[in-house]
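In this text the structure is predicted, and so the values were computed from the model without any measurement. Residue numbers start from 1 in every chain, and the chains themselves are labelled A, B, ... in the order their sequence lines are given, proteins ahead of strands.
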Amino acid sequence: MSVRVRIAPSPTGMLHVGNARSAVFNWLFARHHGGTFIVRVDDTDIARSDEQYVTQMMEAMRWLGLDWDEGVGVGGPHGTYRQSERFDRYREVAEQLIADGAAYRCFCTPEELDDRRQAAQAAGRPPGYDGACRTLGSEQVNTRISAGESFLVRLAIPRPGVTEFFDLVRDDMRFDHDVIDDFVILRSDGTPTYHLASTVDDVDYEITHVARGEDLLSSTPRHILLTQAMGAEPVIYAHLPLLFGPDGKKLSKRHGDTSMDAYMKAGYLPEAMFNYMSLLGWSYDPEVTIYSPEQAIEKFDLADVSKNPAVFDTKKLEWMSGEYMRELAPHDFVARSLPFIEVNRKLSDDERRRFEVIAPLIQERVKVLPEVVEMSEWLFVDDVSFDEASWDKVMKPEAGPVLDDAIIRLEGLTEWSTEAIEGVMRQMLEDLELNPRKGFQPLRVAVTGSMISPPLFESMEVLGQPATVARLRRALARFV
RNA sequence: GGCCCCGUCGUCCAGCGGCCUAGGACGCCGGCCUUUCACGCCGGUAACGCCAGUUCGAAUCUGGUCGGGGCUACCA
């Protein structure tokens, strides 16, 4: 039997990092087994779902390097892969289950339910549905339907009973039916709940393995019972450890960015993001941290996934992004940087050429793409803006003569190359009896505006002689 | 409250009865390199939650305890 797995995000927001991690694991599992990876949209909640999120989620997954064989955006033998277009099918299943006696109509109103739930809790009994409508005879049911009473459909959990299953990451699981109430599968408005829609899809799409967050672990017996009621064979489950924030609580908005979108915009390299995420709950090799998707595919197994929750810590992601950054081919680095540099203004051909020259020196200094902008800004402006902290630190009294002297020497240079500039500047150091720090830092700030910049002489060369001298003059003028 | 899951350095992982005076990576600290910042290199810091039990021997098995988390909707 060929492996068929899916990721089923609900388009009520951007792709959450937790879902992205599930997607990575499912993808890895599918690719390892030469199986099929499916992307389905769980949009039963029509009110909160939005088409733009579907587009953004697909974008985020492609950005991560994931591709899928069936599903939204690519099609396949199972229709649109959107639950919103399968409501008839879910209703059909619900009706069949009623006919089979596996499910029943419930006429209890929300108010009644609420009252009884509170009463039960007050009395120390489980708050779940009490099964009041489970024993209704067919005549009663029919009369109430004809009377126009609204109803919903609940699954009749076999009682007494126990559901046992094997979880690929948690091993043997066992739930007594006492703790599972007759949950709703079809709402009074005829729409399916998550449990129904998701389970029916898994059955219809012939899913073989479901790897999802541990938050669904306690719902699993419901899904198994539903599957069995449909006369189908349950999938094999793997419940992945949850992702936490730095405070050890479930990852949520207040921990900062929880959507993939934010990390794309923050300029992390997708290769790093993929690599990092694959490390959350799994490891490629005790001694190896950086590896390619192909290598991961080769070794990945859901059975090796760790049971404990993982803290999503961007420190390591940042480091990793820097690692991948330095591995980029120079032209690739330029290509990836440009969108960030050109957000406000397109570069001229000349500016672009200069950027390409200095790019390799910037490449080895940044971890995320927006840093490229900071570090190259001085190249694209007429007048650099000075970073005040940098200015104050290096523009000490002895900086005046340095600027003054540098202007004269650089102006007199007939060959404008890094080597020539460095030669004449080092000579200046000797003549002025200054160390590099004292002698060069003022020049750096004068030329790039900041103490943090690419190497000085290369920067001067790319900038050109007139501009370099002009900047030194401007700094000197500001200095006095 | 009930049910369920989890518990190794600050963080992510390795460890599946002796190879562990617990290994790697990030972070952090110190040093080297150096025109800044990075990179790179060298060194260091730091953990088996606790208590019993099983065993010749436990981070590894069992029980308890404490701690953290999840679920408990006509939300997904």
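Distance check on atom C1': B/U34 versus B/G40 gives 11 Å, rounded to whole Å.
Nucleic acid contact class of A/Glu364 (heavy atoms, under 4.0 Å, all strands): base. Within the 4.0 angstrom heavy-atom criterion, base atoms lie near A/Ser453. Counting any heavy atom pair closer than 4.0 Å across all strands shown, A/Gln363 reaches no nucleic acid atom. Base engagement by A/His195 is indicated by at least one non-hydrogen atom pair under 4.0 Å involving a base atom. Nucleic acid contact class of A/Pro455 (heavy atoms, under 4.0 Å, all strands): base. Within the nucleic acid shown, A/Thr12 has no heavy atom closer than 4.0 Å to any nucleic acid atom. Counting non-hydrogen atoms under 4.0 angstrom, A/Leu456 reaches a base of the nucleic acid. Counting any heavy atom pair closer than 4.0 Å across all strands shown, A/Phe244 reaches sugar-phosphate atoms only and no base atom.
B/G43 and B/C29 make up a base pair, with Watson-Crick or G-U wobble contacts both under 3.5 Å. Look at B/C56: its Watson-Crick or wobble partner, with both distances under 3.5 angstrom, is B/G18. Across all strands shown, the partner of B/C3 is B/G70, judged by Watson-Crick or G-U wobble contacts whose two distances both fall under 3.5 Å.
At the phosphate of B/G2, neither OP1 nor OP2 sits under 4.0 Å from any side-chain N or O atom of A/Arg125. Applying the 4.0 Å criterion to OP1 and OP2 of B/A76, one finds that A/Thr193 has every side-chain N and O outside that range.
If you take CG of A/Asp181 and P of B/U72, they are 10 Å apart, rounded to a whole angstrom. Remark: C1' of B/G2 and CD of A/Gln118 are 17 Å apart, rounded to the nearest angstrom. Between A/Lys315 atom NZ and B/C13 atom P there is a gap of 18 Å when expressed in whole angstrom units. A straight line from CG of A/Leu242 to C1' of B/U11 spans 17 Å, rounded to a whole angstrom. Taking atom CE on A/Met57 and atom C1' on B/A76, their separation rounds to 12 Å, with Å as the unit. Spacing between atom CG of A/Leu196 and atom C1' of B/C74 amounts to 12 Å, rounded to whole angstrom units. Atoms CD1 (A/Ile180) and P (B/U72) sit 13 Å apart, rounded to a whole Å.
Look at A/Asp181 and A/Arg222 and you find a salt bridge, because one of the NZ, NE, NH1 or NH2 atoms lies within 4.0 Å of a carboxylate O, short of that distance. Using a cut-off of 4.0 Å between Lys/Arg side-chain N and Asp/Glu carboxylate O, A/Glu92 and A/Arg89 are scored as salt-bridged.
Side-chain contact check for A/Tyr90 and A/Asp201: at least one donor-acceptor pair (N or O, by modelled atom type) lies under 3.5 Å. Under the 3.5 Å distance criterion, with hydrogens and angles disregarded, no donor-acceptor pair is assigned to the side chains of A/Asp285 and A/Tyr291. A donor atom on one side chain and an acceptor atom on the other are not found under 3.5 Å apart for A/Arg86 and A/Gln83.
Taking the six-membered ring where tryptophan is involved, the planes of A/Tyr263 and A/Phe312 are perpendicular, since the angle between them exceeds 60° and thus also 30°.
Listed nucleotides: B/A25, B/U11, B/A76. Nearest to the side chain of A/Lys316: B/A25. In the set B/A14, B/C39, B/G23, B/G23 carries the atom at the smallest distance from any side-chain atom of A/Glu287. Proximity note for A/Val311 (side chain, C-beta onward) versus B/C12, B/A25, B/A76: the nearest is B/C12. Checked against B/G23, B/C13, B/U35, the side chain of A/Phe457 finds its nearest nucleotide in B/U35. Considering only the side chain of A/Asp215, B/G70 comes nearest among B/U35, B/G70, B/C74.
A distance below 6.0 Å separates the ring centres of A/Phe457 and A/Phe440.
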Reading nucleotides 4-10 of chain B 5' to 3', which nucleotides get B (base under 4.0 Å from a protein heavy atom), which S (sugar-phosphate only), which -? SSSSS--
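With A/Ser283 contributing its side chain and A/Pro286 its backbone, the two residues share no donor-acceptor pair below 3.5 Å. The main-chain N or O of A/Gly190 is found under 3.5 Å from a side-chain atom of A/Arg91 such that the two form a donor-acceptor pair.
If you check distances only, the side chain of A/Arg365 does reach the base of B/C37 with a donor-acceptor pair under 3.5 Å.
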